[in-house]
Amino acid sequence: MVNDVTHLRTCPLCEAMCGLEVTVQDDQVTRIRADREDVWSQGYLCPKGTTLGHLYEDPDRLRAPLIRDGDGFREVSWPEAFAEVERLLAPVLAEDGVDAVSCYIGNPTAHNFSLGRYAGAFVPMSGITQLYSAGTVDQWPKNVVATLLYGGMWDIPVPDLDRAEFVLMLGANPAASQGSLMACPDVLGRIDAIRERGGRVVVVDPRRTKTADRAGEWVAVQPGTDALLLMAMVQVLFAEGLVDLAHLAPLVDGVDEVERLAAPYRPEAVEAVTRVPADTIRDLARSLAAAPAGAVYGRIGTCNQEFGTLASWLVEVLNILTGNLDRPGGSMFANPASWSIVTVRPPDQAEGWGFNRWTSRVRGAPEVLGQYPVSCLAEEIATPGEGRIRALVVIAGNPVISAPDSDRLDAALPQLDAMISIDNWVNETSRHAHVILPGLSALEQPHYDDLIWLFATRNAANFSEAVFPPPPDRPAEWEILLRVAAIIGGTAAAEVDVEGFDDGYFMGLVMAQQAQAGSRIADRDLTEILEATPGRGPERILDFGLRVGPWGEGYGRDPDGLTLAKLREHPHGLDLGALEPRLPGMLTSPGRRIDLAPAYITGDLDRLAARIGRGDEGLVLVSRRHVRSNNSWMHNVKVLVKGKDRCTLEINTADADRLSLVDGARARVSSEAGSLEVPVEVTDTITAGVVCLPHGWGHDKDGTRLSVAREHAGVNNNVLAPGHLVDVLSGNAVVNGIPVEVVPA
Ligand SMILES: Nc1nc2c(c(=O)[nH]1)N[C@H]1C(S)=C(S)[C@@H](COP(=O)(O)OP(=O)(O)OC[C@H]3O[C@@H](n4cnc5c(=O)[nH]c(N)nc54)[C@H](O)[C@@H]3O)O[C@H]1N2
Ligand SMILES: Nc1nc2c(c(=O)[nH]1)N[C@H]1C(S)=C(S)[C@@H](COP(=O)(O)OP(=O)(O)OC[C@H]3O[C@@H](n4cnc5c(=O)[nH]c(N)nc54)[C@H](O)[C@@H]3O)O[C@H]1N2
Ligand code: SF4
Ligand SMILES: [Mo]
């Protein structure tokens, strides 16, 4: 049409980072389709990417701040909202100090241009010491392992899918998730290509997922027992003389220790408990060792479970013992074009890192990488006494749905003296807030991923401009974060100098970068860097990150190098090539060596050994995702939720027959934590003894403003997840492998 304007824009919804072509007419989105010329995604997209316009236009999306008014909310101006934040926090801070204030950081933070870069400012500036996040229902085990093996909590290698000949995938379903801690558009296409070039992909999952179907090889596993399966593969490698560290040999300690520890785990010793035949385990170990290059990759199914850290550790151990770490076609480290603060060791952490430096007030849970398990949050709010959390800032999170023991958290939040949600909707969590501060819609802000490029299967860079100008009176989320942090830190709401705080934060980033080993600006004058990097907010940080990054111009060192201005000349993105080996240079572990058998991890092996003797547990529950859903927050998009009910309990035919359940009938599912009713879906794509619910549903609570989601409410599987169940080493929630009882409703 005549007035149509087409914008290029990276989809911010998941790690695939698809390039989109967004066509608009005035302030309306008329069409979204894949950008076929995007150098990274090359025309790939999923059904969610085309709904950014629906999110933008959603009448339920908040465009102004809300403050609590009786049982409901009232729209207010931004100055009024920040004044209310100050008014609510003042007594808490005066009486109990900042230790009574906590925050929860949710998943979209990792995908949001502003929030991602300024969460790192919010925490130190506010002085908040008790921090919770979705990370402890997600990848905390991976963070622990990366820290202990490679030195940094985000040093997580990814399978080099473009060159691998053998991939063993555990607890991941990229057909739904589109890849996780593995940023790659069109993972299924990559799986096809591996098979076409004569390679193999094997999927280990209690469910025969669409990913397993595409891979053509499915290994059904008993939930929570991946560590035993992987340990037996390690045993086979040693027993059959298949260990070959190749280029890694000079860097790695502890190989003999791993051999000794793995010795008892013969495949026959674990086949009953894992339900994986010994021959299959031997074949997997031999195939990995024999492949010219291959990788083991484990994701959320291997993290959100009883032995999350051991399983995540063994993924690395197998990649290392077969010489596949850091080799093309193996498991490699990406090299992001833009330097990120997330790669810096926190100032309070010693070399080698300390765990259990302090413990939680109520249950005595150890701190792990600065956080307690998210399941502690409810009790820390609800249990009276000194040190109780009285105020909470929720940043782009919905823990009432996403955290275990969710009914307890739902009951605890109303006991807060002050709750501030930085969120774009009134949902199950933010309905408890006293103040809701909405961010801009994705299309109203620029975009460049930060954290996600650390997990890319190929190096690239892509910046997108905002599609729509932000409404004139609306602060971006980085500004909201700075203002709230400043208020918690003791500045009067009316007096917050956002630009001053932003300059302070930016200077801190520059100094942190200069202190890094190998910094290209170590000897440069701070004011010179400041003057050479004009601008403000996340764009300035990005420009700086690109300049000091591996392809950057380095403030004059390489005049042809990358800057934000140069990247802007590539609206379809800039391809920076296949992953390249980065060891030992990128290691920040003590002595730049890899300790394959850290005592912190191997100390948990007795618990694993004891699992072998623990018999059949009856039915256990696991979680799943669907490509048309995104955690808890996209169920208000009509085109995504329409059609067949997707919040069903998957159950195997044999179990259904035994329990007199038929497809479509309702079942009551109960665990020690709670109980719910849900329609069943009888299917042989799930192993007998396992049932499965998607996570992120349960939108029938009063007081939300999600008109579409309410019509497709579903049930919240975290009502069933007992909060005390955590992976011991990481504190990560166990939401997979929960014992449940199922009866006809
Ligand atoms: N049983 C079970 N539980 C799980 C999981 C599981 O597999 N099984 N998975 C876990 C995992 S991996 C994760 S990451 C967590 C997710 O847990 P959370 O991060 O707590 O939840 P989300 O559903 O991602 O909610 C995101 C919130 O951010 C808001 N939001 C969306 N976009 C924006 C934005 O741009 N700005 C702002 N300010 N707000 C925004 C939404 O309205 C919503 O309130 O759930 C975990 N919980
Ligand atoms: N469409 C969509 N995409 C998403 C999300 C979403 O909600 N929807 N969420 C995003 C987020 S925050 C994350 S963290 C990622 C997660 O991305 P993935 O890790 O790929 O997550 P899932 O698709 O849930 O697949 C996990 C699989 O683990 C299996 N599983 C459960 N328990 C076990 C076990 O004990 N052992 C093994 N081996 N397998 C097990 C489940 O059956 C399931 O098939 O997805 C991201 N992408
Ligand atoms: S796979 Fe879908 S949600 Fe993920 S980035 Fe691409 S279009 Fe967006
Ligand atoms: Mo996640």
Side-chain angles (χ1 to χ4, degrees), residues 10-20 32-34 38 40-41 44-52 55 60-62 104-116 132-139 171 174 177-181 183-187 299-301 303-304 374 394-404 406 421-430 436-442 444-445 449 452 477 480-481 621-625 627-636 692-697 704 706 716-721 732-736 738:
T10 301
C11 176
L13 296 173
C14 86
E15 289 187 26
M17 302 186 286
C18 298
L20 305 175
I32 297 185
R33 61 179 190 185
D38 187 278
W40 160 260
S41 58
Y44 183 76
L45 92 175
C46 88
K48 292 185 298 304
T50 61
T51 67
L52 291 179
L55 291 172
D60 289 332
R61 182 172 65 82
L62 302 179
Y104 172 89
I105 301 182
N107 171 271
T109 308
H111 300 275
N112 177 305
F113 187 59
S114 280
L115 289 179
Y132 295 89
S133 79
T136 54
V137 210
D138 189 343
Q139 81 298 326
S177 69
Q178 308 298 313
S180 176
L181 297 178
C184 176
D186 194 13
V187 176
R299 201 40 290 263
I300 203 151
C303 290
N304 274 346
V374 67
V394 179
I395 304 171
N398 192 8
V400 166
I401 299 287
S402 51
S406 41
S421 271
I422 300 175
D423 206 289
N424 301 358
W425 282 271
V426 183
N427 63 15
E428 296 74 18
T429 299
S430 58
I436 308 180
L437 306 169
L440 295 165
S441 190
E444 295 167 324
Q445 53 186 313
D449 281 285
I452 310 301
E477 278 154 304
I480 298 175
L481 283 181
L621 175 74
V622 299
S623 297
R624 68 173 183 271
R625 285 172 166 69
V627 70
R628 301 182 77 90
S629 170
N630 195 12
N631 294 329
S632 75
W633 71 275
M634 285 185 69
H635 300 146
N636 213 42
C692 176
L693 282 172
H695 92 286
W697 297 82
T704 63
L706 297 167
N716 180 2
N717 69 349
N718 280 320
V719 164
L720 300 169
N732 198 86
V734 176
V735 293
N736 287 321
I738 305 166

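This is a predicted model, so every value here is computed, not measured. Counting starts at 1 for both ligands and their atoms, in listed order.
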Using a 4.0 Å cut-off to any heavy atom of K48, which atoms of ligand 3 qualify? 3 (S)
Under 2.8 Å: N/O/S of C11 next to atom 8 (Fe) of ligand 3: yes
Provide, to 0.1 Å, the distance between [atom] and the closest protein heavy atom, together with that atom's residue and name.
atom                    : answer
atom 40 (C) of ligand 1 : A396 CB, 3.9 Å
atom 21 (O) of ligand 1 : N398 N, 3.6 Å
atom 9 (N) of ligand 1  : R625 NH2, 3.1 Å
atom 29 (C) of ligand 1 : D423 OD2, 3.2 Å
atom 38 (N) of ligand 1 : E477 OE2, 2.7 Å
atom 19 (O) of ligand 1 : N107 N, 2.6 Å

Please determine if atom 2 (Fe) of ligand 3 has an N/O/S atom from C18 lying under 2.8 Å away.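 So C18 does not bind atom 2 (Fe) of ligand 3 by this criterion.
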Check ligand 1 against W425 and write out every atom of the ligand that is under 4.0 Å from a heavy-atom position of the residue.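 Listed by number with element: 42 (O).
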Is it the side chain, the backbone, both or neither of E15 that has a heavy atom closer than 4.0 Å to ligand 3? neither
N716 side chain to S406 side chain, donor-acceptor N/O pair below 3.5 angstrom: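 Side chains of N716 and S406: pair found under 3.5 Å.
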Is there a heavy atom of S623 sitting under 4.0 angstrom from any atom of ligand 1? yes
Taking only non-hydrogen atoms of P399, do any sit less than 4.0 angstrom from ligand 1?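 The answer is yes: ligand 1 sits under 4.0 Å from a heavy atom of P399.
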D138 bridged to R299 by N-O distance under 4.0 Å: yes
Who's closest to atom 16 (C) of ligand 1 heavy-atom-wise, of I401, L115, N631?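 Among I401, L115, N631, the closest heavy atom to atom 16 (C) of ligand 1 belongs to N631.
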